[in-house]
K.L.:
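Got a structure for you, written out below as structure tokens; questions coming shortly.
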Amino acid sequence: MAAYTHVDGALGSEASTREVALRDLLQVLRRRRGTIIASVLCCTALATTGALLYEPRFTSQAVLIIDPRTTEVTDINAVISNLPREAAAIRTEIDMITSTATAAKVVDRLGLVHDPEFNGAIERPSAIDRAIAGINDTVGYDLAPLRQQITAYLTSAGIGVKEPTSPEKERAAVIADVRRGLSATSDAQSYTILVSFKAKESDKAARIANAFVDEYLRDQLQTKKDVNQQANKWLEDRINELRAQVEVSDKAVQDYRAQQGLVLGGASGETFLSQQLAELNRALVVAQTERGRAEARAQNARIVARSPTDGNAAEILGSPLIQRLGEEESAIARRLAEYRTRYGDQHPAVQAYVNQLTNLRQKMREEATKIMAVINNEVEIARARERELETALKKLTAETAGELGANVRLAQLQREADANRRVYEGLLQRLVETREQDDLQQRDARVVSKAEPPLEPSTPGKKLFVGGGLAVGLLIGMFLAFLRDHLNKTFRNTQHVEETIGVPAIGLVPSLPHHKNAKPEDYVLDRPRSEYSEAVRAIGVSLYARGALNTGSVVMVTSAVPGEGKTTVCLTLARMLAASGRRVLLLECDLRCPRIGNVLGDNAPGDLSDLIVGKAEWQDVVQVDGRSGLHYVVGRPHCDHPQELLGSEKLASIIKFASLEYDCVILDTPPMAVVADAGVLTRSATECLFVVRWEQTPRAVVQRAIERLTELGRDVTSVVLSRVDLKKLARTDASEEAYGMNEARRYYTR
């Protein structure tokens with residue numbers, strides 16, 4: 001439970017801090033409301049003037065798209081490729097749209113050099129004319145005479161007189177002005193380009209925006225055509241050069257062939273010797289193959305001839321007779337085997353079959369011998385054929401050896417001629433393609449929507465102008481208010497005094513209204529229940545409570561600089577204390593600028609200086625105020641060294657004597673920051689009352705003066721804020737003493 005209470009207290013403290021901070025901010029605004037009002041009025045006046053001078057402008061927008069789709073009519077490569085679908089490419093197209101070259105074409109096409117909106121050299125209504133026209137429309141008062149006077153004055157002063165310019169400079173200025181009204185934008189998420197133009201007329205804005213789009217598309221297509229025509233021209237020139245080179249290279253081949261006697265043998269382009277050599281090579285290969293096949297057959301036949309009864313003999317030798325005899329041999333061998341098994345080797349039938357088998361095998365050997373002779377003959381024939389072809393090939397090779405060197409040079413010339421012909425034919429084909437492309441060129445962009453005349457201006461209206469000026473003025477005024485309040489280094493209330501210099505502030509002395517022409521020292525006696533009198537009385541009560549008004553007390557009243565109201569505080573406090581029945585003595589220790597005698601009257605034969613130097617006695621200098629009974633001693637400005645008199649032992653003894661005779665002695669001393677006179681009086685005073693002018697005296701000046709008093713051995717015991725505007729304090733301050741101040745006035749009399 002204790003922990004909860006602690007947290008709740010912390011939250012309450014934080015909320016209270018926020019409330020105080022908000023209240024302080026509101027009080028700053030109340031204090032500086034004059035600054036805010038002045039700023040609002042100035043900015044509103046400027047905005048109103050700007051609204052009268054500013055001409056409304058209309059913005060029209062056309063939409064382009066970099067088309068990602070392409071139409072392939074022919075399967076040929078373009079001379080200039082289509083745009084890549086990249087952000088950098090789209091950014092480049094935007095730069096082309098907004099370029100000076102495009103703007104120049106639009107200016108020339110639409111004749112904008114003769115438009116007063118873009119050409120400043122053409123006479124048009126000036127800002128003064130527009131302002132006067134706006135005022136005429138608003139208040140209905142003719143200001144034409146004023147316009148003539150202003151124009152005459154400006155002309156005589158050389159203001160607004162235009163110097164003649166060249167047509168080139170006028171055109172360049174118009175182009176620059178047109179470019180300022182143009183904008184082309186695109187985001188990274190699409191291929192769309194928004195082309196906008198701002199002008200004073202809606203139709204003109206749409207016309208110029210569309211003109212920029214048309215010029216861009218026309219330039220895009222014309223660029224492709226120009227590049228294609230340049231390519232055609234280059235191809236034609238190159239083809240003419242290559243045609244001549246092909247003719248020269250073909251003629252060189254023919255001339256060399258005729259010179260070397262390299263007669264072609266047919267459509268293949270080879271010579272007769274080459275064709276014969278190729279045919280002999282082919283025939284030699286066939287003969288070698290046949291010879292090898294015959295030798296292989298002879299080899300197999302020799303193996304089979306040794307055993308013609310082998311089952312593979314008929315197949316290898318290829319003889320039907322041997323095949324038939326082999327079949328008979330197989331049949332007889334089976335029957336022989338059966339009979340031997342059945343009857344034995346001595347049976348006549350077995351002997352008959354043995355004889356048949358022997359005769360049959362003899363016939364097979366004889367037949368194999370005949371076939372071997374045939375095969376060997378075929379081998380010899382094949383070898384002879386091969387030898388004949390080899391001999392013919394060697395002879396023909398010797399004949400064609402001389403032709404080989406010429407063929408190498410001929411082949412080189414032929415390759416050069418073929419290479420020239422291939423390049424020529426390729427460029428000729430390319431020329432045909434590029435000529436066809438001339439009529440098939442396409443734009444990379446197309447118009448999605450043309451610019452239309454807008455119905456409403458895009459620039460702010462007059463009401464919005466004035467409202468914006470009001471808002472800006474309010475913001476600037478608030479900024480200046482907080483800035484002035486932050487830079488204000490004066491004192492606004494007693495709490496501020498105590499927090500800044502650490503000295504208790506015992507009261508606020510209000511300033512009297514100027515229209516009453518009342519003197520403060522008389523006002524406390526004439527209006528004892530007034531607000532002013534009560535403030536002075538409160539100071540006396542505070543001093544009495546602190547023991548500063550006890551018998552024998554000496555109250556030193558000073559300030560930092562002149563004009564703080566120090567003497568007024570002395571007079572009003574002394575007269576009020578004297579009127580209440582106290583025996584009070586007021587010593588005017590300001591011998592440089594004395595003022596008490598002028599206020600209360602000066603009829604004594606002597607003054608304080610005379611009393612100090614011994615020229616006058618006590619009864620000669622002390623005067624009595626008839627209305628309050630205040631005893632006072634005036635000072636007169638006839639002393640050359642007032643500091644020596646004020647610091648003398650004689651004055652100290654006089655003050656000590658007066659403190660024994662009176663209930664209270666009040667010393668009116670010079671300001672601390674101006675002269676050092678007050679410093680020598682610190683040893684004679686028991687209390688030091690420091691007077692500070694409200695919201696006037698800088699804090700640093702007050703602090704420095706108090707530090708000097710402390711260095712001289714006298715601490716400032718209390719501070720009084722003088723010449724306080726209580727109405728302003730109650731209205732603009734959030735301190736406790738300002739709370740309820742307006743309601744408390746009913747307790748006072750006027």
Side-chain angles (χ1 to χ4, degrees), residues 519-526 528 533 536-537 539-541 543-544 547-558 565-591 593-639 642 645-646 648-670 677-678 681 684-689 691 720:
K519 296 180 180 180
E521 58 273 7
D522 294 332
Y523 199 79
V524 293
L525 300 179
D526 297 337
S533 300
V536 177
R537 188 175 291 110
I539 295 173
V541 172
L543 291 174
Y544 181 78
L549 298 181
N550 295 336
T551 302
S553 61
V554 178
V555 180
M556 170 184 173
V557 181
T558 186
K566 166 183 60 64
T567 301
T568 301
V569 171
C570 287
L571 285 170
T572 53
L573 179 61
R575 295 189 85 180
M576 178 168 286
L577 291 176
S580 65
R582 293 178 178 274
R583 298 182 71 250
V584 180
L585 175 64
L586 175 59
L587 294 179
E588 188 173 26
C589 298
D590 190 351
L591 302 180
C593 297
R595 186 170 159 269
I596 293 177
N598 297 333
V599 175
L600 299 180
D602 184 8
N603 298 318
D607 64 339
L608 183 60
S609 300
D610 297 334
L611 181 62
I612 295 173
V613 299
K615 291 183 179 181
E617 297 297 330
W618 185 260
Q619 62 273 10
D620 296 330
V621 297
V622 175
Q623 303 180 66
V624 180
D625 178 27
R627 296 193 61 185
S628 64
L630 171 67
H631 290 199
Y632 63 95
V633 178
V634 300
R636 295 170 184 164
H638 57 76
C639 180
L645 293 179
L646 296 176
S648 64
E649 292 294 335
K650 184 62 179 293
L651 179 59
S653 62
I654 291 172
I655 294 174
K656 185 175 182 181
F657 170 76
S659 65
L660 298 176
E661 293 294 326
Y662 293 91
D663 295 335
C664 177
V665 178
I666 299 177
L667 307 180
D668 181 16
T669 64
D677 297 358
L681 295 170
S684 300
T686 59
E687 296 289 334
C688 181
L689 180 63
V691 180
V720 171

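If you read the sequence from its start, that first residue is 1, and numbering goes on from there. Model, not experiment: these values are computed from the prediction.
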K.L.:
Search all heavy atoms of A578 against all heavy atoms of V584 and return the closest pair with its distance.
P.N.:
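Where A578 meets V584 most closely, the heavy atoms are N-CG2, 4.0 Å.
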K.L.:
What is the minimum heavy-atom distance between D610 and P605, and which atoms define it?
P.N.:
OD2-O, 4.3 Å
K.L.:
Any idea how Y662 and W618 line up, ring-wise: parallel (<30°), tilted (30 to 60°), or perpendicular (>60°)?
P.N.:
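Geometry flag for W618 against Y662: tilted rings.
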K.L.:
Within the structure provided, determine whether L586 and L571 are in side-chain contact (heavy-atom separation under 4.5 Å).
P.N.:
yes
K.L.:
Minimum heavy-atom separation for G635 to L591, with atom names?
P.N.:
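Shortest heavy-atom separation between G635 and L591 comes out as CA-CD2, 3.8 Å.
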K.L.:
Please report the closest heavy-atom contact between D663 and R582, naming both atoms and the distance.
P.N.:
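Nearest pair, atom of D663 first, then R582: OD2-CA, 3.7 Å.
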K.L.:
Would you find a donor on one side and an acceptor on the other, under 3.5 Å apart, between the side chain of R595 and the backbone of D590?
P.N.:
no
K.L.:
Is the shortest heavy-atom distance from the side chain of L611 to the side chain of K650 under 4.5 Å?
P.N.:
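Heavy-atom side-chain distance check fails, nothing below 4.5 Å.
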K.L.:
Do L600 and L630 come within less than 4.5 Å of each other through their side chains, counting heavy atoms only?
P.N.:
yes
K.L.:
Any non-hydrogen side-chain atom of P528 less than 4.5 Å from a side-chain atom of R537?
P.N.:
yes
K.L.:
Ignoring hydrogens and geometry, is there a side-chain-to-backbone donor-acceptor pair from K566 to P670 under 3.5 Å?
P.N.:
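Not at all, since once roles are kept as given, no pair shorter than 3.5 Å links the two residues.
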K.L.:
Is there a donor-acceptor pair under 3.5 Å between the side chain of D607 and the backbone N or O of R636?
P.N.:
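Such a contact is found between D607 side chain and R636 backbone.
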K.L.:
Considering the options S648, S653, P642, which one meets the side-chain contact (heavy atoms from CB on, under 4.5 Å) requirement together with I612?
P.N.:
S648
K.L.:
Mark yes or no for whether T572, through its side chain, and E521, through its backbone, hold a donor-acceptor pair below 3.5 Å.
P.N.:
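Not confirmed, T572 side chain does not pair with E521 backbone.
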K.L.:
Got a second to check how far S533's OG is from L525's CG, nearest 0.5 Å?
P.N.:
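Rounded to the nearest 0.5 Å, the OG-CG separation comes to 8.0 Å.
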K.L.:
Could you check if a side-chain atom of D620 sits within less than 4.5 angstrom of a side-chain atom of K615, using non-hydrogen atoms only?
P.N.:
no
K.L.:
Using a 4.5 Å cut-off on heavy atoms from C-beta on, say whether the side chain of L651 contacts that of S684.
P.N.:
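A side-chain contact under 4.5 Å is absent here.
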K.L.:
Where is the tightest heavy-atom contact between D625 and Y632, given as atom of each residue plus distance?
P.N.:
N-CE2, 3.7 Å
K.L.:
Under a 3.5 Å distance rule, please check whether R575 uses its side chain to pair with a backbone N or O of S628 as donor and acceptor.
P.N.:
no
K.L.:
When you measure from the side chain of T686 to the backbone N and O of V554, does any donor-acceptor pair fall under 3.5 Å?
P.N.:
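Side chain of T686 to backbone of V554: a pair is present.
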K.L.:
Without swapping roles, check the side chain of Q623 against the backbone of N603 for a donor-acceptor pair under 3.5 Å.
P.N.:
yes
K.L.:
Any non-hydrogen side-chain atom of L573 less than 4.5 Å from a side-chain atom of L543?
P.N.:
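Yes, side chains in contact.
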K.L.:
What heavy-atom pair brings I655 and L667 nearest, and what distance separates the two atoms?
P.N.:
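So the minimum-distance heavy-atom pair works out to CD1-CD1, 4.0 Å.
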K.L.:
When rounded to the nearest 0.5 angstrom, what distance separates OG in S553 from CD1 in I666?
P.N.:
8.5 Å
